[in-house]
Colleague: 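Just dropping this structure here.
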Amino acid sequence: MATFSVLSTFAAAAITLQLLLVPASASPHMKYIDAICDRSHDQDYCVKTLTTNPPTAAPIGLNPLAEAVMALTIAHAEKTAAFVAETGKADQTFTEYHKAYLAVVADLKSANLKLKQSPDTAHYDVRSSTDQMKRVEGLVASKNDQASTTLKEMTVQMEKLLDLAASAADAVDDDDENIHRRV
């Protein structure tokens with residue numbers, strides 16, 4: 001009886017240890033997240049963002065995850081465009097920033113529509129948004145007021161999300177490697 005108790009305790013400890021040591025990437029959902037984050041410039045940010053955001057945390061396939069990433073990126077671009085529009089009422093220099101963010105929103109919506117049929121074109125559309133962010137960075141770089149500081153922070157976040165969106169489009173475009181992951 002004592003031997004059985006020792007063996008069952010040992011087995012329980014071994015199973016618990018195995019569960020604790022299994023990497024998060026062994027999760028069935030992580031293969032889709034990994035397919036995107038492996039292409040990202042900031043993989044830690046990518047994994048953290050995609051695993052903590054409810055629409056992206058438990059994807060059912062690569063395409064639905066890529067669409068959720070696009071939606072997350074579009075939402076941030078729209079939120080920033082609204083902030084810039086509101087700020088622009090008091091400061092006309094924000095008009096150029098607003099135009100840039102409207103272009104980003106348009107590019108991202110275009111990319112989202114093209115994601116399934118032409119993921120390489122979607123990837124290009126997302127990457128072209130990066131040019132708009134560089135433009136905003138250049139315009140706002142010398143400003144130090146509160147609104148400009150907030151815009152700088154929002155633009156840094158936008159650039160990170162654009163990287164995720166481009167990585168998502170690239171993952172969907174990977175015809176051979178990820179075809180079995182698509183739904």
Colleague: Using side-chain heavy atoms (C-beta onward) and a distance below 4.5 Å, is T51 in contact with M30?
Modeller: yes
Colleague: Closer than 3.5 angstrom, by distance alone: can the side chain of R39 be matched with the main-chain N or O of A35 as a donor-acceptor pair?
Modeller: yes
Colleague: Roughly how far, to the nearest 0.5 Å, is CD1 of I74 from CG of L108?
Modeller: 5.5 Å
Colleague: Can you name the residues that form a side-chain hydrogen bond (donor to acceptor under 3.5 Å, both in side chains) with T121, not counting sequence neighbours?
Modeller: S118
Colleague: Residues two or more places apart in sequence or in another chain: which of them pass salt bridge (charged side-chain N to carboxylate O under 4.0 Å, His left out) with K48?
Modeller: none
Colleague: Quick one: does H76's side chain have a donor or acceptor within less than 3.5 Å of a partner on M154's backbone?
Modeller: yes
Colleague: Salt bridge check, E137 against K152: does any charged N sit closer than 4.0 Å to a carboxylate O?
Modeller: no
Colleague: Mind checking what makes salt bridge (charged side-chain N to carboxylate O under 4.0 Å, His left out) contact with D125, not counting sequence neighbours?
Modeller: K114
Colleague: Which value, rounded to the nearest 0.5 Å, describes the distance between L65 atom CG and L72 atom CG?
Modeller: 10.5 Å
Colleague: Tabulate below the donor-acceptor pairs under 3.5 Å that side-chain atoms of residues 139-147 make, not counting sequence neighbours, or state none.
Modeller:
from, atom 1, to, atom 2, distance (Å)
K143, NZ, T93, OG1, 3.2
D145, OD1, S148, OG, 2.8
D145, OD2, A147, N, 3.3
D145, OD2, S148, N, 3.1
D145, OD2, S148, OG, 3.3
Q146, NE2, T150, OG1, 3.3

Colleague: Out of curiosity, Q132 CD to L102 CG, how far, rounded to the nearest 0.5 Å?
Modeller: 10.0 Å
Colleague: Could you list all the disulfide bond (SG atoms under 2.5 Å apart) pairs where at least one residue sits in residues 45-157, not counting sequence neighbours?
Modeller: C37-C46
Colleague: Atom CG of D170 and atom CZ of R127: how far apart are they, to the nearest 0.5 Å?
Modeller: 8.0 Å
Colleague: Report the residues that fulfil side-chain hydrogen bond (donor to acceptor under 3.5 Å, both in side chains) with S128, sequence neighbours left out, ordered by chain and then residue number.
Modeller: D107
